[in-house]
Amino acid sequence: MNSWITSNVWLIPAAPILAALLILAFGKAARRAAAPFAVIGQLTALTMSIFAFVPTLHSHGFRSVQNFTWFTFGEQTLRIGFVLDPLAAAMLIMIALVGLCIFVFSIGYMAEDKNFSRFFAYLSFFSGAMLGVVIANSLLLLFVFWELVGLASYLLIGFWIERPSAAAAAKKAFITTRIGDMGFFLGILWLYHRSGTLLFYDGGRGCLESVGLLALGASATFIALLIFCGAAGKSGQFPLHVWLPDAMEGPTPVSALIHAATMVAAGVFLVARVYPIFLVGAINGVTPSLTVVVWIGVATGLMAALIAVAQFDIKRILAYSTVSQLGLMMVSLGVGGVAAGIMHLLAHGFFKALLFLGAGSVIHGCHHEQDIRKMGGLRRLMPVTFSTYAIGMMALSGVPFFFSGGWTKEEILHATSQWPRSHIPYYLMLVGVFLTALYMTRQIIFVFFGNRRAASEHVHESPGVMTIPLIVLAVCAILFSVVLTPAWPWLENYLTGYPARFDPHLLIQPMIIVSLALVGAGVSLGIWMYRRAAGSDPIQQAQPALFRFLENKMWIDEIYDRTVIALAAIAARFSDWMDRYVWDGLVRGVGAIGHFLARLTTGADERVINAGVDEGTVGAHGFGRLMSRRHSGQIQTYLGAIALGMLALVLLYAWLG
């Protein structure tokens, strides 16, 4: 089975995509069967992912590649393929497992929705597309699945299309990510021009192998930056992050899927997959392209953490948390901590899905209210949701020892502190860790502690179909830390291809103490500030201007409205004016000239040429009739004429002589 699945790894994304097609084929008639189809498809993908994971354990540096010809044009052959390696295998299990929990949760959350079947079809399509991104061994095939992920996100963010805000958010996400994807596509073209292949691994000739990397030369920096444009769009990096918070307009399970296992994970995964391109020409692990990745990640992480402190929408707080964590992952990749970044991506998939589904449970219990100021005192009314949400909160905040997020953040901070270019990113990331603990403490106090407020009336715990996925994800967020500890860094060694060794002396390290101190400071300050906040924010009262600046997302959307969008509107109006009064006038003028010339030539044709031909015809006709009269057919007449002609010639000759 294991060897069979490595040769047929394409079946993993095929299972949920097939489920999506079956659900759409039956339409609304398949309402009762939609959820079972989707869950079975996702469960099949998870089962095959586990079987695919097993062979990667047998040997360090395992890689199975299946390449084949897609089509031929002229003398060129375009080949694509699939790859299974530790990076792909770990991502497959995370995506499939987290997706399965979200699918089960959705059965209860979307039970009353009129488009229940269509929702599960889109979910399955989304999951299949992301699984395809992970196993692609060709940058072109990856780009195809990449665009399918973008299409699925558009369909799901705008699922409640009757809401203008949802329709606007879907368009914003689609257009913003297309901007990044344009750079990505240009990078693909440039890479193919330089290396002659888009296969990652091809027996030493792939674009990530020695021959292909050597062919890139100095172009590698620009190609890497263009590819990073696509990653920045999908993973919500500044300045293309603006779509991600607005994606909250979709149903909460969609938010969980986008922010945990699928779309935002694609950008980080892409950088990790093509990392050898970023490393071309590196000096001490530093290149211009990786430096850009670091500073973009730093700006994104710190900016989003600050904005999250001043948000009141429970899902929007988590959305900016996602943006901040993605910035942290990008910093890790940029400074060379690829394994640390991927480990945090995997851990983040579990605890961020847990937090979003927990938020969905709260919203469901609070009659679809999302403002945390209207909640409060839910810990006794929703004990399972509270307990699991608290686990997710501690994992996200980076509490070490028992929660996966603590270990992965420690690894990232350690990698960042070793970056030879600058220590500024390290210090700014420390601020980000502190802010994460602060705004998550703020959120959990507003929602679960204090007195009941307007939305807390008649609240009850969510049904088992919604709480069981929360429990599963909470257990994963805790147990996942077992393979992340410095004492037994199994996952890190699995990803890097080195054998893991157990050493309990490495359990306590200086960076863990620093991380614990920062988290403790953030949680303590949050408790001190918000324990008595009755629906109001102390920062808002103390610094209203600063709070308004952060609450309005640093006015970045407004800046875009008044610059990029305003310039686009001006360009559109100018183009419309040019079209109406310049190009249309030129076309009309050319048409008028053509019409005049046509009338002129028509007059000349009718009055000159035709008239001359007609008169010439009449004259020829008259001459012909005259001549015809001379041809009587009598020989004596012809002889007389000849005689007269001869006489005339004789007289002329005599006169001339």
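Nothing fancy with the numbering, it's 1 onward along the sequence.
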**Student:** Could you go through the side chain to side chain contact (heavy atoms under 4.5 Å, CB included) check for Ser404 and Phe350 one step at a time?
**Tutor:** CA-CA 9 Å; Ser404 55; Phe350 291 113; 5.8 Å; no
**Student:** Between the main-chain N or O of Met554 and the side-chain N or O of Asn552, is there a donor-acceptor pair closer than 3.5 Å?
**Tutor:**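 No, because the side chain of Asn552 does not come within donor-acceptor range (under 3.5 Å) of the backbone of Met554.
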**Student:** Please check if any side-chain donor atom of Asn115 sits under 3.5 Å from a side-chain acceptor atom of Trp160, or the reverse.
**Tutor:**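 No, Trp160 and Asn115 have no side-chain donor paired with an acceptor closer than 3.5 Å.
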**Student:** Taking atom types as modelled, is there a side-chain donor on Lys234 or Thr177 under 3.5 Å from an acceptor on the other?
**Tutor:**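 Looking only at side-chain atoms, Thr177 and Lys234 do not form any donor-acceptor pair under 3.5 Å.
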**Student:** Between Arg316 and Gln311 (side chain of the first, backbone of the second, donor and acceptor by atom type, cut-off under 3.5 Å), is there such a pair?
**Tutor:**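 Absent.
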**Student:** Strictly by ring-ring contact (aromatic ring centres under 6.0 Å, His included), give each pair with a member in residues 321-343 just once, sequence neighbours left out.
**Tutor:** none
**Student:** Return the orientation label for the His364 and His460 ring planes: parallel under 30°, perpendicular over 60°, tilted otherwise.
**Tutor:**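 It falls in the perpendicular class, over 60°.
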**Student:** Nearest heavy-atom pair of Val331 and Val298: which atoms, and what distance?
**Tutor:**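 For Val331 versus Val298, the nearest heavy atoms are CG2-N, 3.4 Å.
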**Student:** Quick check: does any side chain N or O of Ser235 sit under 3.5 Å from a backbone N or O of Val264, one acting as donor and the other as acceptor?
**Tutor:** yes
**Student:** Would you sort out whether Phe116 and Phe120 count as a ring-ring contact (aromatic ring centres under 6.0 Å, His included), showing the intermediate values?
**Tutor:** CA-CA 7 Å; Phe116 185 82; Phe120 276 94; 4.8 Å; yes
**Student:** Without hydrogens or angle criteria, can the side chains of Gln42 and Ser127 be said to hold a donor-acceptor pair below 3.5 Å?
**Tutor:** yes
**Student:** Taking C-beta and beyond as the side chain, do Thr436 and Lys409 meet within less than 4.5 Å on heavy atoms?
**Tutor:**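 Side chain of Thr436 against side chain of Lys409, heavy atoms only: contact under 4.5 Å found.
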**Student:** Quick one: OH on Tyr275 to CD1 on Ile342, what's the gap to the nearest 0.5 Å?
**Tutor:** 11.0 Å
**Student:** State the CG-CD1 distance between Leu156 and Ile258, to the nearest 0.5 angstrom.
**Tutor:** 6.5 Å
**Student:** Regarding Glu410 and Ser515, is there a side-chain donor-to-acceptor distance under 3.5 Å anywhere?
**Tutor:** no
**Student:** Which value, rounded to the nearest 0.5 Å, describes the distance between Met393 atom CE and Leu318 atom CG?
**Tutor:** 11.5 Å
**Student:** Any chance you could lay out the side chain to side chain contact (heavy atoms under 4.5 Å, CB included) test for Val133 and Leu270, step after step, and finish with the verdict?
**Tutor:** CA-CA 9 Å; Val133 168; Leu270 174 63; over 6 Å; no
**Student:** To the nearest 0.5 Å, what is the distance between CG on Leu131 and OG1 on Thr262?
**Tutor:**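 So the gap between those two atoms works out to 10.0 Å.
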**Student:** Flag the pair Leu84 / Ile135 as yes when at least one side-chain heavy-atom distance between them is below 4.5 Å, and no otherwise.
**Tutor:**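 No; the side chains remain at least 4.5 Å from each other.
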**Student:** Could you name each residue pair satisfying side chain to side chain donor-acceptor pair (under 3.5 Å) that touches residues 387-398, not counting sequence neighbours?
**Tutor:**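 For residues 387-398: Tyr389-Gln443.
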**Student:** Are the side chains of Pro469 and Val472 in contact, using a 4.5 Å heavy-atom criterion?
**Tutor:** no
**Student:** Mind checking whether Ile317 and Arg442 have side chains closer than 4.5 Å, heavy atoms only?
**Tutor:**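 With C-beta onward as the side chain, the pair touches.
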**Student:** Angle class for the His368/Tyr109 ring planes (parallel below 30°, perpendicular above 60°, tilted otherwise)?
**Tutor:**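 Aromatic pair His368/Tyr109 classed perpendicular.
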**Student:** Working note: Leu244 + His259, criterion side chain to side chain contact (heavy atoms under 4.5 Å, CB included); need CA distance, chi angles, decisive distance, verdict.
**Tutor:** CA-CA 9 Å; Leu244 196 49; His259 286 254; 3.5 Å; yes
**Student:** What is the distance from atom CD1 of Ile95 to atom CG of Leu100, rounded to the nearest 0.5 Å?
**Tutor:**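 It comes to 13.5 Å.
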**Student:** Sub-3.5 Å donor-acceptor pair from the side chain of Lys315 to the main-chain atoms of Met248, do we have one?
**Tutor:** yes
**Student:** Please work out whether the ring planes of Phe159 and Phe119 are parallel, tilted or perpendicular, with thresholds of 30° and 60°.
**Tutor:**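 Because their plane-to-plane angle is over 60°, the rings of Phe159 and Phe119 count as perpendicular.
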**Student:** Does a sphere of radius 6.0 Å around CD in Gln541 hold more than 12 heavy atoms from other residues, nucleotides or ligands, not counting ones at 6.0 Å or beyond?
**Tutor:** yes
**Student:** Under the ring pair (Phe, Tyr, Trp, His ring centres under 6.0 Å) rule, collect the residues that match up with Tyr154, sequence neighbours excluded.
**Tutor:** Phe174
**Student:** Do the side-chain N and O atoms of Glu411 and His344 include a donor-acceptor pair separated by under 3.5 angstrom?
**Tutor:** no
**Student:** Decide yes or no for Lys553 and Tyr320: does some side-chain heavy atom of the first lie under 4.5 Å from some side-chain heavy atom of the second?
**Tutor:** yes
**Student:** Examine Arg373 relative to Phe312 and say whether NZ or CZ is less than 6.0 Å from the centre of the six-membered ring and inside a 45° cone about the ring axis.
**Tutor:**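 Yes, Arg373 lies over the aromatic ring of Phe312.
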**Student:** Quick one: does Thr385's side chain have a donor or acceptor within less than 3.5 Å of a partner on Met382's backbone?
**Tutor:** no
**Student:** Can you tell me if Thr252 uses its side chain to pair, donor with acceptor, with the backbone of Gly360 under 3.5 Å?
**Tutor:**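 No.
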**Student:** Nearest heavy-atom pair of Gly128 and Pro13: which atoms, and what distance?
**Tutor:**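 Gly128 and Pro13 have their closest heavy atoms at O-CB, 3.3 Å.
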**Student:** Which distance, rounded to the nearest 0.5 Å, do you find between the CE of Met303 and the CG of Leu550?
**Tutor:**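 Met303 atom CE to Leu550 atom CG measures 11.0 Å (nearest 0.5 Å).
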**Student:** Would you confirm whether Ser481, through its side chain, and Ile478, through its main-chain N or O, come within 3.5 Å as a donor-acceptor pair?
**Tutor:** yes
**Student:** Any side-chain heavy-atom pair from Asp371 and Met375 closer than 4.5 angstrom?
**Tutor:** no
**Student:** Any side-chain heavy-atom pair from Gln237 and Val293 closer than 4.5 angstrom?
**Tutor:** no
**Student:** So which atom in Thr408 and which in Ala347 form the shortest heavy-atom distance, rounded to 0.1 Å?
**Tutor:** CG2-CB, 4.1 Å
**Student:** For the side chain of Ser332 and the backbone of Leu328, is there at least one donor-acceptor N/O pair under 3.5 Å apart?
**Tutor:**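 Side chain of Ser332 to backbone of Leu328: no pair is present.
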**Student:** Is it the case that the side chain of Thr441 and the backbone of Ile527 share a donor-acceptor pair, with hydrogens and angles ignored and the cut-off at 3.5 Å?
**Tutor:**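 Pair absent, no side-chain N/O of Thr441 close to backbone of Ile527.
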**Student:** Of the non-hydrogen atoms in Val271 and Ala231, which two are nearest, and what is the gap between them?
**Tutor:**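 For Val271 and Ala231, the tightest heavy-atom pair comes out as CG2-CB, 3.7 Å.
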**Student:** List the atom of Ala52, the atom of Ile12, and the distance in Å for their closest heavy-atom pair.
**Tutor:** CB-CD1, 4.2 Å
**Student:** If you look at every heavy atom in Pro383 and Glu461, which pair is closest and at what distance?
**Tutor:** N-OE2, 3.2 Å
**Student:** Does a donor on one side chain and an acceptor on the other come within less than 3.5 Å for Ser321 and Tyr439?
**Tutor:**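 Distance-only check passes for Ser321 and Tyr439.
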**Student:** Please verify the inter-ring angle class for Tyr494 with Trp490; under 30° counts as parallel, over 60° as perpendicular, anything in between as tilted.
**Tutor:**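 Parallel: the ring planes of Tyr494 and Trp490 meet at under 30°.
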**Student:** Taking C-beta and beyond as the side chain, do Met330 and Ile296 meet within less than 4.5 Å on heavy atoms?
**Tutor:** no
**Student:** Is there a side chain to side chain contact (heavy atoms under 4.5 Å, CB included) between Val362 and Val447 once you walk through the steps?
**Tutor:** CA-CA 9 Å; Val362 170; Val447 175; 4.0 Å; yes
**Student:** Closer than 3.5 angstrom, by distance alone: can the side chain of Thr416 be matched with the main-chain N or O of Ile412 as a donor-acceptor pair?
**Tutor:**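 Flag set: sc Thr416 to bb Ile412 pair under 3.5 Å.
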